[in-house]
2 protein chains.
Amino acid sequence: MIARSELKKELINAGIRPSVQRLAIYEYVKTNRTHPTADVVYDALRDELGSLSLTTVYNTLKLFVDAGLVQLLSIDDTFRCFDGDTTSHAHFRCDSCGKIVDLKIKNDFLAMVDGLDGFEIKEAQLYLKGICPICKRKN
Amino acid sequence: MIARSELKKELINAGIRPSVQRLAIYEYVKTNRTHPTADVVYDALRDELGSLSLTTVYNTLKLFVDAGLVQLLSIDDTFRCFDGDTTSHAHFRCDSCGKIVDLKIKNDFLAMVDGLDGFEIKEAQLYLKGICPICKRKN
DNA sequence: TTTTATATTTGCAATGATTTCAGAAATGAA
DNA sequence: TTCATTTCTGAAATCATTGCAAATATAAAA
């Protein structure tokens with residue numbers, strides 16, 4: 001759990017004015033490490049905030065991603081997820097329950113790849129898919 | 001370049017009846033390693049085949065992916081690409097020109113990740129994004 | 001405090017890739 | 001050929017995301 005005042009500072013340092021909506025969305029993404037979609041964030045916050053627009057959630061999350069405060073995950077074809085943890089790690093998505101799990105990696109992503117001379121790499125994502133331990137036990 | 005008769009056999013072995021449309025789509029994806037979208041395949045083949053439906057291209061590519069003959073790439077948020085090469089390799093997508101490039105990997109993907117006990121992994125994708133050497137030179 | 005300018009939010013409409021669906025065409029078996 | 005099954009077609013539907021213009025909130029200036 002991170003203090004609101006700390007989160008506020010992070011936004012300001014990134015050049016983002018901490019409006020009520022932005023701070024609430026930022027707090028949600030940094031506190032809940034469940035890799036939520038914009039829609040999930042919207043549903044979770046519309047009560048807390050008097051009014052909230054889904055458009056605002058989309059715009060704000062995009063703002064955070066562009067500022068490097070939040071990671072965008074495209075592990076699912078049909079919708080985008082967001083990850084408040086911007087450190088380098090892999091993701092697993094369970095085909096059965098849909099849950100997304102963080103995984104530690106042994107080396108930097110780029111150390112795994114050959115032939116990168118001349119490329120400027122800005123982003124790297126390792127996505128694994130299959131069946132998670134919990135779903136596997138159920139079968 | 002692979003012979004049509006060979007491609008036909010591959011489809012039959014996978015339990016897929018090699019209709020005119022399916023064979024043409026399969027040949028396109030196995031010959032052109034440009035990671036095309038369904039729409040690109042459709043545009044490329046609609047002349048060759050007298051008539052072709054975009055729906056057929058979507059359905060057929062999905063059929064190939066489910067049969068393990070073709071890889072589905074979700075490296076771009078807004079559309080899906082297909083890769084006739086099903087061997088394990090990474091992909092780079094240039095933010096400037098949009099081109100997708102194949103990259104060799106040093107180890108198996110799973111050797112890079114910790115804490116996979118109990119997980120059943122069916123698929124692994126490493127996506128890199130940034131600026132490709134050609135676009136870098138242009139700037 | 002009031003005025004003014006600017007930044008942010010809102011909600012609805014539009015977009016566009018993908019899927020659904022029902023009928024038409026092709027194929028294989030009898 | 002006839003019948004049954006599979007495949008293809010094209011138009012309509014879906015749904016996550018974005019565009020846009022009006023409404024609201026915030027900060028600066030007076």
Side-chain angles (χ1 to χ4, degrees), chain A residues 7-8 11-12 14-29 35-67 69-83 93 98 100, chain B residues 8 11-12 14-29 35-67 69-82 93 98 100:
Chain A
L7 295 169
K8 206 170 192 170
L11 290 182
I12 292 167
I16 294 171
R17 258 214 300 234
S19 70
V20 180
Q21 290 87 344
R22 286 174 176 173
L23 191 55
I25 294 168
Y26 193 57
E27 183 183 41
Y28 186 89
V29 175
H35 313 90
T37 61
D39 203 61
V40 166
V41 176
Y42 172 66
D43 279 339
L45 296 179
R46 59 193 310 189
D47 289 336
E48 182 186 326
L49 305 170
S51 77
L52 178 63
S53 169
L54 182 54
T55 302
T56 300
V57 178
Y58 271 106
N59 290 340
T60 302
L61 287 171
K62 182 170 168 37
L63 193 69
F64 294 164
V65 169
D66 290 345
L69 298 173
V70 166
Q71 258 189 43
L72 169 64
L73 304 185
S74 307
I75 196 169
D76 194 297
D77 296 325
T78 47
F79 47 77
R80 300 173 195 169
C81 302
F82 297 88
D83 190 345
R93 205 277 318 271
I100 297 173
Chain B
K8 209 170 191 171
L11 290 183
I12 292 169
I16 295 170
R17 258 216 297 237
S19 70
V20 179
Q21 290 87 345
R22 285 173 177 173
L23 191 56
I25 293 168
Y26 193 56
E27 182 182 42
Y28 186 89
V29 174
H35 313 90
T37 61
D39 203 60
V40 166
V41 176
Y42 173 66
D43 279 338
L45 296 178
R46 58 194 309 189
D47 289 336
E48 182 187 325
L49 305 169
S51 78
L52 178 64
S53 170
L54 182 55
T55 301
T56 300
V57 179
Y58 271 107
N59 290 340
T60 303
L61 288 170
K62 181 171 169 36
L63 193 69
F64 294 164
V65 169
D66 289 346
L69 298 172
V70 165
Q71 259 191 46
L72 169 64
L73 305 185
S74 306
I75 195 168
D76 195 299
D77 295 326
T78 48
F79 46 78
R80 300 172 195 171
C81 303
F82 297 89
R93 206 278 318 272
I100 297 173

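Order of the sequence lines fixes the chain letters, A, B, ..., with proteins taken first and strands second; residue numbering starts at 1 for each chain.
- Residues passing the ring-ring contact (aromatic ring centres under 6.0 Å, His included) test with A:Phe82, sequence neighbours excluded: none.
- Residues satisfying the salt bridge (Lys or Arg N to Asp or Glu O under 4.0 Å) criterion with A:Asp39, sequence neighbours excluded, are absent altogether.
- Look at CZ on B:Arg22: it is 15 Å from P on C:dA26, rounded to the nearest Å.
- For DNA chain C, no neighbouring residue in residues 46-53 of chain B is found when judged by any heavy atom under 4.0 Å.
- Shown are B:Val29, B:Leu72, B:Thr56; of these, the side chain to side chain contact (heavy atoms under 4.5 Å, CB included) with B:Leu61 is made only by B:Val29.
- Under the side-chain hydrogen bond (donor to acceptor under 3.5 Å, both in side chains) criterion, A:Ser74 pairs with B:Asp77, sequence neighbours left out.
- B:Leu69 pairs by the side-chain contact (heavy atoms from CB on, under 4.5 Å) definition with B:Leu11, B:Ala14, B:Ile16, B:Tyr26, B:Phe64, B:Ala67, not counting sequence neighbours.
- Residues forming a side-chain contact (heavy atoms from CB on, under 4.5 Å) with B:Thr78 (at least two apart in sequence, or on another chain): A:Arg80, B:Asp76.
- For DNA chain D, the contact window with chain A, defined by any atom under 4.0 Å from a protein heavy atom, covers D:dA16 to D:dA27 in 5' to 3' order.
- Under the side-chain contact (heavy atoms from CB on, under 4.5 Å) criterion, A:Thr55 pairs with A:Ser53, A:Asn59, not counting sequence neighbours.
- Remark: B:Gln21 is not in phosphate contact with C:dA26, judged by side-chain N or O atoms under 4.0 Å from OP1 or OP2.
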Under 3.5 Å, which donor-acceptor pairs do the side chains of residues 41-50 of chain A form with other protein atoms, sequence neighbours left out?
unit_1, atom_1, unit_2, atom_2, d
A:Tyr42, OH, A:Arg46, NH2, 3.2
A:Glu48, OE2, A:Arg4, NH2, 3.3

For every nucleotide of nucleotides 17-25 of chain C, 5' to 3': is a protein heavy atom under 4.0 Å from its base (B), only from its sugar-phosphate (S), or from neither (-)?
SBBBB----

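- Applying the side-chain hydrogen bond (donor to acceptor under 3.5 Å, both in side chains) criterion to A:Gln71, with sequence neighbours excluded, gives A:Gln125.
- The salt bridge (Lys or Arg N to Asp or Glu O under 4.0 Å) check on B:Lys8 picks up nothing, with sequence neighbours excluded.
- Of the side-chain N and O atoms in A:Ser19, one or more sit less than 4.0 angstrom from OP1 or OP2 of C:dT9.
- The separation between A:Ile16 atom CD1 and C:dT9 atom C1' is 16 Å, rounded to whole Å.
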